[in-house]
Novice: 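Here's a structure for you.
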Amino acid sequence: MNDRNGTINHVVTRFAPSPTGFMHVGGVRTALFAWLFARKHGGTFILRIEDTDKAREVGGSIEHIIESLKWLGIEWDEGPDIGGPHAPYIQSERLDSYRKYARLLIEKGFAYSDPYTEEEVEAFRKQAETEKRAFLYRDHRPNVTEAWDGTKPLRFKVPAIKRYVWNDLVRGELSAGEEALDDFILIKSDGYPTYNFAHIIDDHEMGVSHIVRADEFIASTPKFLSLYDALEITPPLFATMPPILGPDGKHKLSKRDGAKDILDYRKEGYLPEALVNFLAFLGWNPGDEREVLSIAELTDAFSFDHIQKAGAKFNEEKLRWFNHEHLKRLPDTDFTAHLTAFMVEFGFDTSTYLGKIASLLKERSQTLLEAAEAVRAGDFSFCEEIIIVPSQELLLKSAKADAATVKTHLKHVSELLVKISDDAFTADVVKDSIFGYATEQGRSAVLWPMRVALSGKEKSPDPFILSALIGKEKTLARIAAAQEILR
RNA sequence: GGCCCUUUCGUCUAAUGGUUAGGACAGCGCCCUUUCACGGCGUAAAUACGGGUUCGAUUCCCGUAGGGGUCACCA
């Protein structure tokens with residue numbers, strides 16, 4: 001909560017999704033910022049499920065949300081699965097609480113039973129639309145109303161129609177006119193509260209200090225503020241995030257633009273920390289020129305001060321770059337562990353030589369999926385194979401020399417390599433032993449055929465790395481085999 | 001249509017009255033190099049427009065235009 005000077009005493013933020021399907025990037029980023037802010041200030045982060053619209057609820061969503069957040073490493077201190085001092089954390093289980101505040105508002109004269117049918121209200125709305133006016137229920141506010149019996153919607157009666165001005169931690173001073181104020185529904189005829197009502201009660205009861213929220217709530221803030229007034233509750237601080245736009249920048253990112261389930265990124269081989277890094281930079285920066293940051297660094301650098309006001313376009317190209325950077329920074333053993341887990345999970349056959357080619361894979365793949373596919377395609381099969389039988393054509397393709405000359409070179413290379421002891425057969429030693437000869441004789445005539453002899457492929461890592469990878473014995477055998485092919 | 005928000009390279013952004021307007025992704029070029037990849041260097045590229053305020057505006061104010069949001073018994 002905040003004291004009168006606005007000093008942060010204890011930060012409490014929350015992420016409050018509704019279980020209506022999968023998690024998309026917009027929701028995840030809002031959750032991420034709320035979480036980073038709480039962590040930065042040693043505060044509390046709450047996960048709350050807003051399931052007050054039973055018609056739209058999609059089964060399994062809660063589990064899916066939890067799985068998504070956990071994959072990203074966003075952990076909550078209080079939530080539906082772990083409980084906490086303000087349990088329950090699922091709104092449909094908090095109905096008593098909303099009724100309590102509803103009664104309070106009725107007593108104070110700030111709530112009344114809505115006498116109209118849905119059709120009648122719809123007609124008012126249509127009329128406003130026809131007249132190109134904003135729809136305001138309060139234009140039709142009834143003079144007398146019956147006592148609320150729970151079968152009709154309970155409406156909020158706006159205490160004062162006025163212009164509201166408030167401060168937003170990201171946007172600064174915001175304001176909205178009287179048109180933004182209306183008698184909105186507190187409790188629906190099915191007994192569930194609306195978002196407008198429920199989130200305010202919950203945030204209050206859960207001690208939320210900062211509401212990190214999406215752009216679309218700016219327009220309804222005056223409604224919230226008037227409800228806070230009626231309830232005589234001090235509102236939390238607001239921090240409004242910029243929208244995430246589709247690649248064309250024309251509208252908010254939608255499924256059509258490829259907005260997908262956040263867990264799809266796991267399938268596509270993205271590292272959660274890379275995705276988090278990318279998402280954090282969509283509308284935020286650390287205030288310096290660093291870009292590739294770990295979660296710990298992100299937490300440390302995070303502040304609302306550097307959040308953008310304008311919308312950002314989702315750019316998958318840059319996400320791929322972030323992922324590659326994070327992949328490259330992984331120690332080989334960690335990379336291998338990640339890749340192996342990925343391949344097992346998504347049905348790839350794992351190879352025993354993955355650990356040996358970790359550094360090659362990291363360098364060449366932007367995602368774990370690309371690495372897995374490269375392995376499956378046999379791009380590194382030369383690690384396992386005993387014999388390689390390249391064609392003479394390939395052996396000579398870029399050698400810029402005739403078969404007899406190449407054959408002589410390979411023979412000489414063998415003679416140099418055989419002198420190296422088995423345990424000293426590293427890429428550097430191999431290079432040192434033959435590089436002088438190769439330079440002298442023309443590198444393309446020596447190194448190209450050697451590399452093809454070892455890999456059997458037109459494209460591959462260099463022959464020194466290859467030699468070390470497959471070992472002295474196979475290296476010599478393959479070079480000998482290549483000499484047989486040449487005539 | 002009303003109300004609200006927003007506007008720096010193609011994209012993500014830095015610079016909160018004085019900079020040759022900086023970085024990154026993507027692009028292009030060169031270098032490294034036996035191929036591929038990695039890497040290095042370099043290049044092109046922006047303050048939406050029009051008015052103010054000021055000695056001086058990317059920065060402050062107003063207007064215009066573009067974009068976004070909202071006007072539910074959805075959140």
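Within every chain, numbering begins at 1; the chains are lettered A, B, ... in the order of the sequence lines, protein sequences first and strands thereafter. Values below: every heavy atom of this structure, side chains too, minus hydrogens, waters and symmetry copies.
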Novice: Which residues satisfy the side chain to side chain contact (heavy atoms under 4.5 Å, CB included) test with A:Ala312, sequence neighbours excluded?
Specialist: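 In terms of side chain to side chain contact (heavy atoms under 4.5 Å, CB included), with neighbours along the sequence ignored, A:Ala312 is linked to A:Leu282.
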Novice: Work out how far the P atom of B:U35 is from that of B:G23, and round it to whole angstrom.
Specialist: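 Straight-line distance between the two P atoms is 31 Å.
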Novice: Among B:A26, B:A37, B:A75, find the nucleotide with the atom closest to the side chain of A:Glu317.
Specialist: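 Of all the options, the side chain of A:Glu317 is nearest to B:A26.
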Novice: Any pair with a residue in residues 433-461 of chain A that passes salt bridge (charged side-chain N to carboxylate O under 4.0 Å, His left out), sequence neighbours left out, goes on the list, sorted by first then second residue, please.
Specialist: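 Of all non-adjacent pairs touching residues 433-461 of chain A, those that pass salt bridge (charged side-chain N to carboxylate O under 4.0 Å, His left out) are A:Lys397-A:Glu458.
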Novice: Do A:Glu205 and A:Tyr101 have side-chain N/O donor and acceptor atoms under 3.5 Å apart?
Specialist: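 Yes, A:Tyr101 and A:Glu205 have a side-chain donor paired with an acceptor closer than 3.5 Å.
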Novice: Who is the Watson-Crick or G-U wobble partner of B:U34, with both distances under 3.5 Å?
Specialist: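 Pairing partner, where one exists within any strand: none, as none qualifies.
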Novice: Can you see if the side chain of A:Ser455 gets near the phosphate of B:U35 - specifically, an N or O under 4.0 Å from OP1 or OP2?
Specialist: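 Indeed not, no polar side-chain atom of A:Ser455 lies that close.
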Novice: Please list each protein N or O that sits under 3.5 Å from an N or O in nucleotides 40-42 of chain B, with the distance.
Specialist:
none

Novice: Output every pair passing side-chain hydrogen bond (donor to acceptor under 3.5 Å, both in side chains) with a member in residues 171-184 of chain A, not counting sequence neighbours, ordered by first then second residue.
Specialist: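 The answer is A:Tyr112-A:Asp183, A:Arg141-A:Asp183, A:Arg163-A:Ser175, A:Arg171-A:Asp215.
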Novice: Nearest of B:A24, B:G39, B:G69 to any side-chain atom of A:Glu325?
Specialist: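 Output: B:G39.
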Novice: Suppose we screen for ring pair (Phe, Tyr, Trp, His ring centres under 6.0 Å). Which residues come up paired with A:Phe156, at least two apart in sequence or across chains?
Specialist: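 Result, ring pair (Phe, Tyr, Trp, His ring centres under 6.0 Å) vs A:Phe156: A:Phe184.
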Novice: I'd like to compare against my own output: the B/S/- annotation of nucleotides 60-65 of chain B with a strict under-4.0 Å heavy-atom distance to protein.
Specialist: ------
Novice: Which residue pairs satisfy the salt bridge (charged side-chain N to carboxylate O under 4.0 Å, His left out) criterion with at least one member in residues 273-288 of chain A, sequence neighbours excluded?
Specialist: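 Only A:Asp288-A:Arg290 qualify under salt bridge (charged side-chain N to carboxylate O under 4.0 Å, His left out).
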Novice: If we take the P atom in both B:U59 and B:U54, what is their distance in whole Å?
Specialist: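 Per the computed distance, 16 Å lies between those P atoms.
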Novice: Please identify each residue that fulfils ring pair (Phe, Tyr, Trp, His ring centres under 6.0 Å) with A:Tyr228, with sequence neighbours left out.
Specialist: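 With sequence neighbours excluded, A:Tyr228 shows a ring pair (Phe, Tyr, Trp, His ring centres under 6.0 Å) to no residue whatsoever.
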Novice: When the C1' atoms of B:C25 and B:U16 are considered, how many whole Å apart are they?
Specialist: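 B:C25 and B:U16 have their C1' atoms separated by 26 Å.
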Novice: Roughly how far apart, to the nearest Å, are B:C38 and B:A57 at atom C1'?
Specialist: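 Approximately 44 Å lies between the C1' atom of B:C38 and that of B:A57.
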Novice: Below 3.5 Å, can you tabulate the donor-acceptor pairs from side chains in residues 368-377 of chain A to any protein atom, sequence neighbours excluded?
Specialist:
unit_1, atom_1, unit_2, atom_2, d
A:Glu370, OE1, A:Gln366, N, 2.8
A:Glu370, OE2, A:Arg320, NH2, 2.1

Novice: By nearest nucleotide on RNA chain B, pick out whichever of A:Glu458 and A:Ala219 is the more 5' one.
Specialist: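 Per heavy-atom nearest nucleotide, the more 5' residue is A:Glu458.
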Novice: Quantified in whole Å, what is the C1' atom distance between nucleotide B:A14 and nucleotide B:U47?
Specialist: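 Result for the C1' pair: 13 Å, nearest Å.
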Novice: Give the nucleotide from the list B:G1, B:C71, B:C4 with an atom nearest to the side chain of A:Ala176.
Specialist: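 Of B:G1, B:C71, B:C4, B:C4 is nearest to the side chain of A:Ala176.
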Novice: Would you say A:Thr151 and A:Asp149 are linked by a side-chain donor-acceptor pair, where the criterion is simply a distance under 3.5 Å?
Specialist: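 Their side chains do contain a donor-acceptor pair, which is all the 3.5 Å distance test asks for.
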Novice: Measure from the side chain of A:Ile218, starting at C-beta and using heavy atoms only, and say which of B:C73, B:C4, B:A75 lies closest.
Specialist: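 So the side chain of A:Ile218 is nearest to B:C4.
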Novice: Encode nucleotides 27-34 of chain B as B, S and - characters from 5' to 3', where the letter depends on protein heavy atoms closer than 4.0 Å: B to the base, S only to sugar-phosphate, - to neither.
Specialist: ------SB
Novice: What does the list of N/O pairs under 3.5 Å between the protein and nucleotides 12-14 of chain B look like, with a distance for each?
Specialist:
unit_1, atom_1, unit_2, atom_2, d
B:C12, OP1, A:Lys313, N, 2.8
B:C12, O2', A:Phe281, O, 3.0
B:U13, OP1, A:Gly283, N, 2.7
B:U13, O3', A:Asn285, ND2, 3.0
B:U13, O3', A:Gln308, OE1, 3.4
B:A14, OP1, A:Asn285, ND2, 2.4
B:A14, OP1, A:Gln308, OE1, 3.4
B:A14, OP2, A:Gln308, OE1, 3.4
B:A14, OP2, A:Gln308, NE2, 3.0

Novice: Take atom P in B:U7 and the same atom in B:C12, then report the distance between them in whole Å.
Specialist: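 After rounding to an integer number of Å, I get 12 Å for this pair.
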Novice: Got more than 12 heavy atoms from elsewhere within 6.0 Å of NZ, A:Lys188?
Specialist: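 Counting other residues, nucleotides and ligands, NZ of A:Lys188 exceeds 12 neighbours.
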Novice: Once ring pair (Phe, Tyr, Trp, His ring centres under 6.0 Å) is applied, do any residues pair with A:Phe304, and if so which ones, sequence neighbours excluded?
Specialist: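 Ring pair (Phe, Tyr, Trp, His ring centres under 6.0 Å) check on A:Phe304 returns A:Phe37, A:Phe302.
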Novice: May I ask you to decide whether A:Asp51 forms a salt bridge with A:Lys54, counting only side-chain N to carboxylate O separations under 4.0 Å?
Specialist: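 Looking at A:Lys54 together with A:Asp51, the answer is yes, because their closest N to O distance falls below 4.0 Å.
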Novice: Please give the distance between the P atoms of B:C9 and B:U58 as a whole number of Å.
Specialist: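 The same atom, P, in both gives a distance of 14 Å.
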Novice: As a test of reading the structure: which of B:C3, B:G69, B:C74 is closest to the side chain of A:Arg56, going by heavy atoms?
Specialist: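 The listed nucleotide nearest to A:Arg56's side chain is B:C74.
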Novice: Of the nucleotides B:U35, B:A37, B:C73, which has the atom closest to the A:Ser189 side chain?
Specialist: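 In terms of side-chain proximity for A:Ser189, the closest of B:U35, B:A37, B:C73 is B:C73.
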Novice: Checking side-chain polar atoms at under 3.5 Å, does A:Asp168 have a donor or acceptor matched by the opposite partner on A:Thr240?
Specialist: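 Yes, a side-chain donor-acceptor pair sits under 3.5 Å.
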Novice: Give a yes/no on whether any side-chain N or O of A:Lys54 is located under 4.0 angstrom from OP1 or OP2 of B:C74.
Specialist: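 Looking at the OP1 and OP2 atoms of B:C74, neither is under 4.0 Å from any side-chain N or O of A:Lys54.
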Novice: Check whether any side-chain nitrogen or oxygen of A:Arg155 sits under 4.0 Å from OP1 or OP2 of B:A72, and answer yes or no.
Specialist: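 Looking at the OP1 and OP2 atoms of B:A72, neither is under 4.0 Å from any side-chain N or O of A:Arg155.
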Novice: How do A:Lys328 and A:Ser460 order along RNA chain B: which one's closest nucleotide is nearer the 5' end?
Specialist: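 Comparing both residues, the 5'-ward one is A:Ser460.
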Novice: With distance as the sole criterion, is a donor-acceptor pair present between the side chains of A:Thr130 and A:Gln127 under 3.5 Å?
Specialist: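 Looking only at side-chain atoms, A:Gln127 and A:Thr130 do not form any donor-acceptor pair under 3.5 Å.
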Novice: How far does the C1' atom of B:A48 sit from the matching atom of B:A65, given to the nearest Å?
Specialist: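 Straight-line distance between the two C1' atoms is 8 Å.
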Novice: Looking only at side-chain N and O atoms, does A:Asp261 offer a donor or acceptor that is under 3.5 Å from a partner on A:His24?
Specialist: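 No - no donor-acceptor pair under 3.5 Å links their side chains.
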